[in-house]
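Chain A is the first sequence line, chain B the second, and so forth, proteins listed ahead of strands; every chain is numbered from 1.
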Amino acid sequence: MKPLSRSYYLRPTLQIAQELLGKYFIRRIGKNLLIGKIVEVEAYRSNDPASHSFRGKTNRNSVMFCEGGHLYVYFTYGMHFCVNIVTGKEGIGEAVLIRAVEPLVGIEMMKTNRYGSNKSLNLHSLNRKSLINLTNGPAKFCQAFGIARQENGLDLLESEISITDGDHIPPKLIKRSSRIGIQQGVEKKWRFFIKGNPWVSK
DNA sequence: ACCATGATCCGCT
DNA sequence: GCGGATCATGGTT
């Protein structure tokens, strides 16, 4: 499968956010492969008080102002990373936060990344609850896919991380709501998710 | 002081 | 099993 093209990421952010649902987020680590189906996202736009880009470019958010198709990874709450797909032309400062994926390939490595290599713990994590807990939140997804500071600024068109076409999601299954965990911009319904998918965060 | 979170604890069905 | 409160932990403004 070929990575989505540059022009894909240069379209309106709200449109990209919805269309990313069902796409495959792919990471190669050596000869290992991790694949997750995107099931929940949020759009963050310029002139959007909830967006990291709202107060202009800083050292932390500078990648958000790159050309669309790059990864913006940020550190939050003293211990977590979250990852966004930068959208739009260079200098705009918009992005789509990946909030949850459904794990498809590389589940053993995701378990190790989330729960460690302790064998008894991994056996315990075979149950359904632990499978869902792998990637049903933005920081959980990052941990499962080993995404941290090093991945900030990676280009989805020429790095070990890419996004490809995936499953077609019937429009009836795409729902929207307010974004999670913000204080400003609550009135904007810019969270999009696949209705009924077990990996959508609560 | 705040923060685009997650894990755990506690009281209740 | 649940839902709500609390805490862990450090970078940013």
Side-chain angles (χ1 to χ4, degrees), chain A residues 9 13-14 16-18 20-21 25 36 38-66 68 70-88 92-103 110-116 118 120-122 124-125 127-154 161 163 175-194 197-202:
Chain A
Y9 299 106
T13 301
L14 290 180
I16 296 171
Q18 298 173 67
L20 279 176
L21 295 175
F25 188 103
I38 299 170
V39 301
E40 178 185 354
V41 300
E42 284 175 359
Y44 288 88
R45 303 182 64 192
S46 55
N47 285 86
D48 166 11
S51 174
H52 288 175
S53 62
F54 185 60
R55 292 169 205 289
K57 198 190 234 182
T58 65
N59 195 46
R60 179 203 202 196
N61 67 18
S62 64
V63 169
M64 223 179 145
F65 292 86
C66 304
H70 290 80
L71 287 184
Y72 166 48
V73 180
Y74 68 90
F75 180 69
T76 191
Y77 291 104
M79 61 191 98
H80 300 300
F81 292 96
C82 296
V83 65
N84 294 254
I85 312 304
V86 177
T87 56
I92 302 294
E94 303 204 346
V96 176
L97 172 70
I98 308 295
R99 284 196 58 90
V101 309
E102 174 178 337
M110 294 183 207
K111 282 182 195 165
T112 303
N113 288 343
R114 287 273 294 132
Y115 307 129
N118 183 297
S120 57
L121 204 59
N122 274 355
H124 180 258
S125 72
N127 66 47
R128 176 159 185 79
K129 200 170 167 185
S130 297
L131 186 59
I132 287 169
N133 192 47
L134 276 182
T135 54
N136 65 340
K140 296 178 186 179
F141 162 61
C142 271
Q143 189 181 19
F145 276 66
I147 293 170
R149 288 194 176 83
Q150 283 224 305
E151 284 67 36
N152 189 33
L154 284 187
I161 297 180
I163 297 179
K175 295 294 175 187
R176 60 157 66 194
S177 76
S178 288
R179 293 169 292 180
I180 308 257
I182 56 165
Q183 307 287 328
Q184 308 210 321
V186 184
E187 74 285 356
K188 298 175 169 68
K189 304 279 194 274
W190 289 352
R191 169 177 177 250
F192 302 94
F193 58 96
I194 300 176
N197 186 286
W199 278 269
V200 172
S201 69
K202 295 166 235 51

Which nucleotide of DNA chain B is the first, and which the last, in the 5' to 3' direction, to come under 4.0 Å of a heavy atom belonging to chain A?
-> B:dC3 to B:dA7

Touch class at under 4.0 angstrom, heavy-atom based, for A:A139 against every strand present | sugar-phosphate

pair_partner(B:dT5), Watson-Crick or wobble, both distances < 3.5 Å, evaluates to C:dA8

Residue whose nearest DNA chain B nucleotide is more 5′ - A:I180 or A:R114 | A:I180

State whether the number of non-hydrogen atoms from other residues, nucleotides or ligands found under 6.0 Å of A:E187 atom CD is greater than 12.
-> yes

Among A:N84, A:V83, A:V41, A:V86, which one satisfies side-chain contact (heavy atoms from CB on, under 4.5 Å) with A:V96?
-> A:V41

Under 4.0 angstrom, heavy atoms only, what part of the nucleic acid is A:I182 near: base, sugar-phosphate, or nothing?
-> sugar-phosphate

At under 4.0 Å between heavy atoms, which parts of nucleotides 6-13 of chain C does protein reach? Answer with one letter per nucleotide, 5' to 3': B base, S sugar-phosphate only, - none.
-> --BBBSSS

Mark yes or no for whether A:N152, through its side chain, and A:V73, through its backbone, hold a donor-acceptor pair below 3.5 Å.
-> yes

Indicate whether the side chain of A:S177 and that of A:R191 have a donor and an acceptor atom separated by less than 3.5 Å.
-> yes

Rounded distance (nearest 0.5 Å) linking atom CG of A:D48 with atom CD of A:E94 | 8.0 Å

Aromatic ring centroids of A:F25 and A:F145 under 6.0 Å?
-> yes

Sugar-phosphate, base or nothing in reach of A:D48, heavy atoms under 4.0 Å | nothing

Using distance alone, with no hydrogens and no angle criterion, decide if A:S130 and A:N127 have a side-chain donor and acceptor under 3.5 Å apart.
-> yes

Establish, yes or no, whether the cationic atom of A:R149 lies under 6.0 Å from the six-membered ring centre of A:F75 and within 45° of the ring axis.
-> yes

